[in-house]
Structure formats: C-alpha cells, structure tokens
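Accompanying notes for the structure given below.
Hydrogens, waters and symmetry mates are skipped; everything else that's a heavy atom, side chains included, is used. Predicted, not measured: the structure shown is a model, and the values here were computed from it. Proteins get letters first, then strands, A, B, ... in listed order; numbering begins at 1 in each.
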Amino acid sequence: MDYQFKDIEKKWQQFWADHQTFKAEDKTAKPKYYVLDMFPYPSGAGLHVGHPLGYIASDIFARYKRLKGFNVLHPMGYDSFGLPAEQYAIQTGQHPAITTETNIATYRRQLDQIGFSFDWSREVRTSSPDYYKWTQWIFMQLFNSWYNKDADKAEAITKLVEHFEQNGSAGINAVCDDEISRFTSNEWNAKSPNEQQSELLKYRLTYLRESTVNWCPALGTVLANDEVKDGFSERGGFPVEQKKMMQWSMRITAYADRLLKGLDTIDWPEPLKEMQRNWIGKSVGASVRFTIEASPKSSPKERTLKNGEANSLSFGEGRGEAIEVFTTRADTIFGTTFLVLAPEHELVAPLTTPEQKGAIDAYIAQAKKKSELERMADAKTVSGAFTGSFAINPVSGEKVQIWIADYVLAGYGTGAVMAVPSGDQRDYLFAKHYHLPIIPIIDIQNIETEADPTKEGHYINSGFINGLTYKEATAAVVAKLEEIGAGKAKVNFRMRDAIFGRQRYWGEPVPVYFKDGLPYLIDEKDLPLVLPEVDKYLPTESGEPPLARATGWNYNGLPYEHSTMPGWAGSSWYWYRYMDAHNDTAFASEEAIEYWKDVDLYIGGSEHATGHLLYSRFWNKFLKDIGKVVEEEPFKKLINQGMIQGRSNFVYRLVDELGRGTNTFISHGLIKGYHTVPLHVDVNIVDNEILNLEKFKKFRPDFADAEFILENGKYVCGVEVEKMSKSKFNVVNPDDLIERYGADTLRMYEMFLGPLEQSKPWNTNGIEGVFKFLRKFWRMFHNDAWDFRVSGDEPTKAELKSLHKIIRKVEEDVERFSFNTSVSSFMIAVNELTDLKCNKRAILQELVIVLSPYAPHICEELWTLLGNEAGTLSYTPYPKFNPAYMVEDEYAYPISINGKTKMNLNISLSLDPSAIEAFVLANADVQKYLDHKAPKKMIVVKGRIVNIVL
RNA sequence: GCUCAGAUGGUGGAACUGGUAGACACGCAGGACUUAAAAUCCUGUUCCCGUAAACGGAGUGCGGGUUCGAUUCCCGCUCUGAGUACCA
C-alpha cells in the first residue's frame, strides 16, 4: 500500500486512546520524568499553527524519554477561567461554562489529531469545582499564614496569635502592613475579637486592604501590573486608571528575596531570568530622614506609607516632622542640594507655604491631567514647583529647598528623593532648569555638561567622608545615619504585592464571608464554594461585582466576598494536580508529590515571565513552607518556544485618478510606476508567493471579475511579517495541513522550521519536503508494487554506519532541544539508505524506533508491519549507539595553504602527524602549489586538517 | 536610555569544543518518464571573472585585532527583534 496517512493516523490515535497507552504509572521502579506544557486558555478561535509548536517539542521529548526507560508524566488540561468567555456571556447571555465546554471540545479535537502522547486521564480544568476547590483551599492556607522573617518562611497564624497572647507584639519580625500597632500580651488579650482580627489581617499572606489599583472601567475590573501595558489593558486594549479600592492582595513581596535567589538554582533561559530580576527590582541602598525646618502651617497627620512598603522605617513617630527618602547612593548625601517629592506625596499640602500654594496647586492639577502615556512621552521636559519649605540634611546640617516634580514617582520607594544633581542626570537637568546649586562631591567628577555618577575617585566637599573611596564612604554614611537615628541601610523592591481580586464573574469565588466588616474563612468542609448562578454577567447598578446579583447566596446568612480570584490563581499550582488529578481529600497526595516532586521540563512562551511563572514560584515556595510540597522551585528546566508570527500576502489594487480602487491588480514586481493600494489576501490561496487566480476571484464577491497585470504569466504577491490574525488573512489552520499532509508531516515540519526558541514567521512553503521525506521513508519498506517487503540479510558496514550515525545524532539533538537538526539528519539517513537500496529489517526496525518520537503514527504502523506486537513501540528501548560502526581507517584530509582549502587527500587515520606531513609533501599536486619553495610551517591536526604556511 | 537576544545564498536554516562555510529542505532552471497532467527520478543552483568545464578571485551586517587557521574568540560600530523604563 502507498503511504495512506489518513488511515494510519486515525487507526493509531484510536489505538492509543483505547489502550491508554500513555497513562503514567504512579508506582514503578523506573525513574520519573515530568514534561509539562503551559496549558492553554481554550479560546473560541481554536488552535492556529503556532500554538502546537511547543506541544510538539514537548511531545517528542516525552516520547523520547519513554524510549529511554523513564516513567513519563506528560499531561494536558485547560486554564478555563478567563475574560473572553465572560465577555461573550455579557454579549449573548450564554453561560461561560457552556462557551468554555464548547471551546474545550474544539481544542481537544484539534490536539487529538496531532497525535500527542498526553495522559488524558489526568486532565484538569481550572474552572471545574473539583479543581478550584483546591485553589480555594490554598487561598485559605495563605490567609492562615504570616511570614516570619527570622525563620525566613511562612508560618501558621495560630503561632503568631500564641506569641501575641504570651509576649505581645515584641519580638515579632514579620513581613506585614506598615501601620501595625505595638502592644503587650495584656493589651492583646484585652482586645475585642474584631480588633484582633483586624490586627491579624495586617500579617496574613493574603489580606484585604485599601490600595491603589489599576482599574479598567471598560472591563469593570482591576488588573494586575503585568496585565497592564502602557496604560492600557493587555486584553482588549482599554484604558486603565488608578483608583483606591478595598482589595484582596497576596503578600508576594515577602518572597522577593527568595524568588530572586532561586533564579540561580534553575535552568531557565537567561533572558527570562533577567526579566524576573528586573521585575523584582531589588535595589540596595539606604533610607534617610530629612527633618523639615520651618514648622508648616497645618500639621500633617501621621504619615502613611505607600502600598506594598513592607518593611519601612517609621521615623516620624514622636520625632517631629520629617521626609523620608530612599537612595542607592548614600555616599553622595553631601551633594544633596534639594529634595523632590512626588506631586501625590501626602506631605505636599502641609509643606506648601501660602505664597507657593498657587504654583503648587497649578502644578498638581496639570500633573493629574497627564495620562500615563503623556507623562512617559514627556520624560525629557523638566517641570516642577517649589513648596516654599526647607529640610535639613541630617549629616551636613545644610538647609535645602523642598520641591515637587512628576519625575519622582509616588509608587516607588518613599515617593521622595534627595536630589544630588552632580551625580544624577535627572536631578542635574532639574537643577539647571530651576537654577539650583550643583555641588561636585568627587575629585575626578566632570559635571560641565551633565551629571557624572562615577564611583571612582575620592570625596570632596563631603565633611567627614572627604578623601574616602566609594565603598568606605557608603559604609561611613550609613553608620553615621544609624548612629544619629536619621536613617539606615535598606533594601527596596520594585515589585509590589499582587492584587488578588477581580470584579468579574468567571473566576474562582473567594472562600470568605464578612462579619462586622471583617473577612472570615468559610469552613474547610464547605469547599468548594461553587460559583452561583446570576441573571446577568454585569456589575450591579450600585457597582458591585456580578456575584452580588446571586440571590440567596450567603454563608449562614452572612455575605460572601463578591470578587473572584484573578486568572493566575488556578495556574499557580496546576502542575501538582496532574500528579494526582482525582484526589478529593488533598490537592495531591503526599505519596504522589513525593514521587513526582517537580517539573523536569516545562515548555511555554516567554510572555508569562512576570505573571504566571513568578506567581507559580511564589505559591510553590509557600506550599513548601507549610510542608505540602517537597521542592523549593517548581520548574527545574524551562524552554521558551519562539512566537510564530504570521506571514501576510498582499495584492496590489490599481487606483484611478480619482483615488478609487479599480478591479485591476498588479503583480508585486511591477507596482513601481503605478498608483496602487496593498490589500491583504488569504495566504491559503497563495503558493510560494504565486496567487491562485481562480481562487482569488472567489475570495471576495467584488473580485469575481478581477483583472491582472502579470509578470512571466504569474501574479506574484507581496509579503510582510505580522501578528497572526483573522483580519490579516494570514492564519494557517493545522486542521487544513493535517487534512493534506497528515499529522506526522505537520509535526516534523513545525520542528524543521528552525530552532525551537527562535521566533519566526510561519511559512507553509517547505512542507512538501517533509511530506516527500515520509513517503520516501515508507517506500524503503515496500517494493515497486507497494507490497511490504523487508529482507533478513545481514546489514553492510555502510548501512550500519548510517543507522548508528542517526542513533547518536538524534540522542544528542533531543537532549539539547535541537529538533530542527534531527529532522535534517533523518532526511540524510533516509537518503543514504535509499541510495544503498537498503531494505534490511536489522536497519529499518531500529530506524523506526529512532524516528517514532517525531512521526509516531507512521512508525507505529511500520513497527506492526515488521511483525512486532502492536502498540508497544512507545516503550521499546531506544537503540544503543555502537561507536565501532563509526570507525574509519581513512579520512579525506582537507589540505589548505595559508588557511585556504585547496584539495582533499585520503590519508590513513593510523598515520601520526609527522607521517602525514611527509605524505602530503610527497604529493605532486601539493608540490605544484609549493612551487619548489619549502613551507615555512605545517600544521597537522590528526583527523581534522592539514595547513601549509608559505 | 538600559537589559537581553540576534544578523550566514532568492527563502527557512546547518556548521555542537576555532579546523573543508552554505548540510538538509524550499524555490528556481534544465532534463527523464508520460498523449497529457499528477506523482516519481536525475542534473545544476553563494557571488564575480570566464563560452561551459578546468582554473582564479571575493565571501557569514560593518571596521579592526588575536591565530597557522575565525560564522565561532576579543575590541569598536550599524541594524533588527524582545523586555523594560524618569526605579532615585
């Protein structure tokens, strides 16, 4: 039979499903290997050809590992809570669960036809109550925990309560809110339960607090920082504004240092680690308190610190008014010539003198009007206003002006900076613009035209640190600040606590009810707290989230939390559920976690760098702290597959004098000299940039009578690389390719396209080559009449060499995730063996095993035709490479003169360098090049090259 | 601006530790088979000089360097892509 890929693929997909071929064992003597893909959000559009790229790579790896004798866990599931299904529900009234169900069915059908070796018995869906029961359970554990800095781990809140009862707040070193109170054990015990609860909330790892959030009015919800791009929502592109709201937050900042340190222990792409490092944004410096000189007119109330300011000082207490700044260059403190506050800083109003009030109010009003985008675009223009007040430099005693300017961000550090114009370019420009003093503080500093942030040289104009070096000065200043109580060494993080509530319907309900305005967990036995039915998926008239619409939805008469969890909740632990997907007494059993431990290989896109991948590491560390999992890091090795971009084709429509489009289309090579407009044309009716004219006429009704100006009888289309999207007519659907070429061809072609990690535009042009390869491979097992025919003869040396070459090559390539090069090598092997007319079982049977991870269907079929027991190929041992077959006794040495290769000479590999040298020099052709001159030098590298230097 | 990644034929890409640059494929050109088409097979295909071949020259973004030898290592630059941004 000819290569009937449709029958073969259908047959084997059915076989694998029927026999649960890829079901992973939980108890086996084999070593475990966990290969994980980032599970998809099942969108209505289905898969395009870019989606399966990573899945194919991981599937090849998983299948390869099975051949190598590992017990492989290779699961798949759906991250099925999310905005699109809900938006669709708002528009149509269809329950998101139904939309989700339909989309999952589409995904499953598409995935199944690609022939993945997923263990579907472990499928998870984040929107299923059996699953989100455990997401809620983890939320409860976080609520019941606090972060003990002394132990550097999360501990039970009951332990904290015990401490309070016995010792009060003394001796507690926690990551907590800024405004905590100090109390003795007696004071604690005298507190009402409500007072105790509200105090504890300041310590819990998930907590409720009024905070400034990214509010997206169009979506009616808050968004996390990583869901906002340049002031617009990542999904939908709607404007986002800042708003104060009571919100659930996750105290991820408690783990900032561990998240940073852990990066050094995992095998992830360096750019990805770098992104996480930047996101965490650790800066080491000092916090410095500048006292305010003139007593302001109105006394500011007790200073409140910024959101997420986890461990700041509270110098203001009982010491008079002060402005606290954060600096990474405490050494430059003598160069401070003014202070700058963010316009939103709470001390701005009390500091503003009556004379300056007009200017300050005008500036604040103007700054408020600026959108995030304008403010960024405006980055180069200097603007600000003087408050009229002064502050005292704590080490120099110098009196400096206090200004406000929007180059200081309210959300970072303390929202105030000490301006050192000699060392900081922004301060420099500001000082120049407003004619403020600039004092050089380092002897080698050059501040003629710009600030010089050097750390070299010795200090001048700097009091007690004059003459010191950078290192000495920093230490001396920090020591002095601590001595006089005006500051201390401090580490600042850019990362904020993660907002954990969404005012949406289609997410996990938060397992919390309210009593006297305080949140309490529901009883664990009442989990899962199932999403209630609502009449509409919109906020209520009073602006409450959709869950407020649910009638009779309460906890023993007390109201539930109406926010739901954000999209990343369910994906922050899902890899553990696969280990034990049907457990209803734990998120996964201890034994399962002890056996599978962590993910050995995780493949997915780098777009999750600062979202999913960071939150997952955070939850994992927390689960480790409370003893529920065994590894500090969840994903040992991670590979980013590159993005598949779209490749759009264009036709060029001729435009008449009036600027109207005509019905004439000009081939790309001829458009110069004509007035044309480019139009996207469906890439599926273009083959190697040649437009199929008949299909084009049917593409759109108004093209039916299109006319063409052709080049060489063909219409050549233009090409551009863009995002793959329906509106650009550049979406290539895997279903169509599978229909034409089969899944094995698609799998191999996706790998053949280029290195996995590289982004590249999709181009179907080369797929024929892979298809031809598979047919050629099939033909090796058949005679001219398409009868299956293999010979039992002993293989020749050449045949064995080809085979063992590919055995070794695929091993090396798969281990370093270089799948594209193995596809080439398969082609070379099949070309060689075809040339040798090899149809020997001894060779072909091994070759089938080696190819099977890439093209599993055809290999299973041939394996069965070869007379092996059906369906067992997946667990057959990978052939053993035998170097003996690779041994050559001769090698064609390239002979180069001055590094330029001139010829090849066959020389026995047993000769040593001096013998080779003699042999080469004796050669007549070599002598011709030498032209009777003696070579200056000869380099002989055995088994590699001979170079003659003239 | 900063950080990271990258730049090789008409195209996708290969060359893993410095050792024959362009493997493998696409495309293109020519040919075989065929009434024809499809399928299949064969030959050629980096560029320049040259009638083809032989021979010769240039060549891995640009300019230098190290080396017997550089796509690979070092220095400087250009461009492309990604991330990030008044982060004090």
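- Nucleotides B:C73 and B:G18 place their P atoms 8 Å apart, quoted to the nearest Å.
- Using a 4.0 Å heavy-atom distance criterion, A:Lys809 is classed as a base contact.
- Here the side chain of A:Ser422 pairs no donor or acceptor atom with the backbone of A:Ile438 at under 3.5 angstrom.
- B:G61 sits 6 Å from B:A7 when the C1' atoms are compared, rounded to a whole Å.
- With both ends at atom C1', the span from B:C4 to B:A85 equals 15 Å, rounded to whole Å.
- Distance check: A:Asn831 CG to A:Phe826 CZ gives 13.5 Å after rounding to the nearest 0.5 Å.
- Computed from coordinates, the A:Lys760 NZ to B:A82 P distance equals 16 Å when rounded to whole Å.
- Across all non-hydrogen atoms, the minimal contact from A:Ile945 to A:Pro894 is CG1-O, 3.6 Å.
- Taking the ring centroids of A:Phe5 and A:Tyr741, they lie at or beyond the 6.0 Å cut-off.
- Spacing between atom CH2 of A:Trp762 and atom C1' of B:U11 amounts to 15 Å, rounded to whole angstrom units.
- Picking from B:U20, B:U3, B:A88 the nucleotide with the shortest atom distance to the side chain of A:Val417 gives B:A88.
- The local environment of CG in A:Asp784 is sparse, with at most 12 non-hydrogen atoms from other residues, nucleotides or ligands closer than 6.0 Å.
- A perpendicular orientation is assigned to the rings of A:Phe819 and A:Phe817, their planes being inclined by more than 60° (bins at 30° and 60°).
- Protein atom CG of A:Leu341 is 13 Å distant from nucleotide atom C1' of B:A88, rounded to whole Å.
- The nearest whole Å value for the distance from the CD atom in A:Gln641 to the P atom in B:A5 is 19 Å.
- A close approach under 4.0 Å does not occur between any side-chain nitrogen or oxygen of A:Tyr407 and OP1 or OP2 of B:A88.
- In the set B:C4, B:C68, B:U3, the nucleotide with an atom closest to the side chain of A:Ile939 is B:C68.
- No contact: A:Pro761 has no heavy atom under 4.0 Å from any strand.
- In RNA chain B, stems built from 3 or more consecutive Watson-Crick or G-U wobble pairs, each with both distances under 3.5 Å, span B:1-7 with B:78-84, B:10-12 with B:24-26, B:27-32 with B:40-45, B:46-48 with B:56-58, B:61-65 with B:73-77.
- A:Ile916 has its CD1 atom 16 Å from the C1' atom of B:C68, to the nearest Å.
- Contact check, A:Thr901 against B:G69: no side-chain N or O comes under 4.0 Å of OP1 or OP2.
- B:A15 and B:A23: their P atoms are spaced 13 Å apart (whole Å).
- Rounded to the nearest Å, the gap between the C1' atom of B:G83 and that of B:G76 is 25 Å.
- Judged by distance alone, with hydrogens and angles left aside, the side-chain atoms of A:Asn820 form no donor-acceptor pair with the main-chain N or O of A:Leu753 at under 3.5 Å.
- Distances were taken from every side-chain heavy atom of A:Glu274 (C-beta onward) to each of B:G19, B:U3, B:U20; the shortest belongs to B:U3.
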Quick one: which protein N/O atoms are closer than 3.5 Å to N/O atoms of nucleotides 22-24 of chain B? Pair and distance per line, please.
from	atom 1	to	atom 2	distance (Å)
B:A23	N1	A:Ser824	OG	3.4

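- When the nearest nucleotides of RNA chain B are assigned to A:Ser818 and A:Lys937 by heavy-atom distance, the more 5′-ward of the two goes with A:Ser818.
- Aromatic ring orientation, A:Trp778 versus A:Tyr3: tilted (interplanar angle from 30° to 60°).
- Within 6.0 Å of atom CZ in A:Arg277, more than 12 heavy atoms from other residues, nucleotides or ligands are found, so the atom counts as buried in its surroundings.
- Distance noted for atom C1' between B:A14 and B:A38: 32 Å (whole Å).
- A:Arg494 has a side-chain polar atom (N or O) that falls below the 4.0 Å cut-off from OP1 or OP2 of B:A85.
- A:Arg647 places its CZ atom 8 Å from the C1' atom of B:U11, with the value rounded to the nearest Å.
- Ring planes of A:Tyr893 and A:Tyr891: perpendicular class, angle over 60° (limits at 30 and 60°).
- Residue A:Gln758 has a polar side-chain atom (N or O) positioned under 4.0 Å from OP1 or OP2 of B:G13.
- Here the P atom of nucleotide B:A25 and the OH atom of A:Tyr741 are 17 Å apart, to the nearest Å.
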Nucleotide N/O of nucleotides 39-42 of chain B paired with protein N/O under 3.5 Å:
from	atom 1	to	atom 2	distance (Å)
B:U40	OP1	A:Arg775	NH2	2.5

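- Closest non-hydrogen pair, A:His668 versus A:Cys717, comes out as CB-C, 3.9 Å.
- Spacing between atom NZ of A:Lys723 and atom P of B:A82 amounts to 12 Å, rounded to whole angstrom units.
- With hydrogens and angles disregarded, no donor-acceptor distance shorter than 3.5 Å links the side chain of A:Glu917 to the backbone of A:Ser914.
- Proximity of a side-chain donor or acceptor of A:Glu324 to a complementary backbone N or O of A:Arg289 within less than 3.5 Å is not detected.
- Contact of A:Asn765 with B:C26 (side chain to base): no donor-acceptor pair of N or O atoms is detected under 3.5 Å.
- A:Arg426 has a side-chain polar atom (N or O) that falls below the 4.0 Å cut-off from OP1 or OP2 of B:C87.
- Contact annotation for A:Val949: backbone-only contact, meaning every heavy-atom pair under 4.0 Å involves sugar-phosphate atoms and none involves a base.
- Nucleotides B:G59 and B:C48, compared at atom P, are 15 Å apart to the nearest Å.
- In summary, the aromatic rings of A:Trp403 and A:Tyr363 are positioned with their centroids too far apart to meet the 6.0 Å limit.
- Between B:U78 and B:C68, the distance separating the two C1' atoms is 32 Å to the nearest Å.
- With a glycosidic angle no more than 90° from 0, B:G9 adopts the syn conformation.
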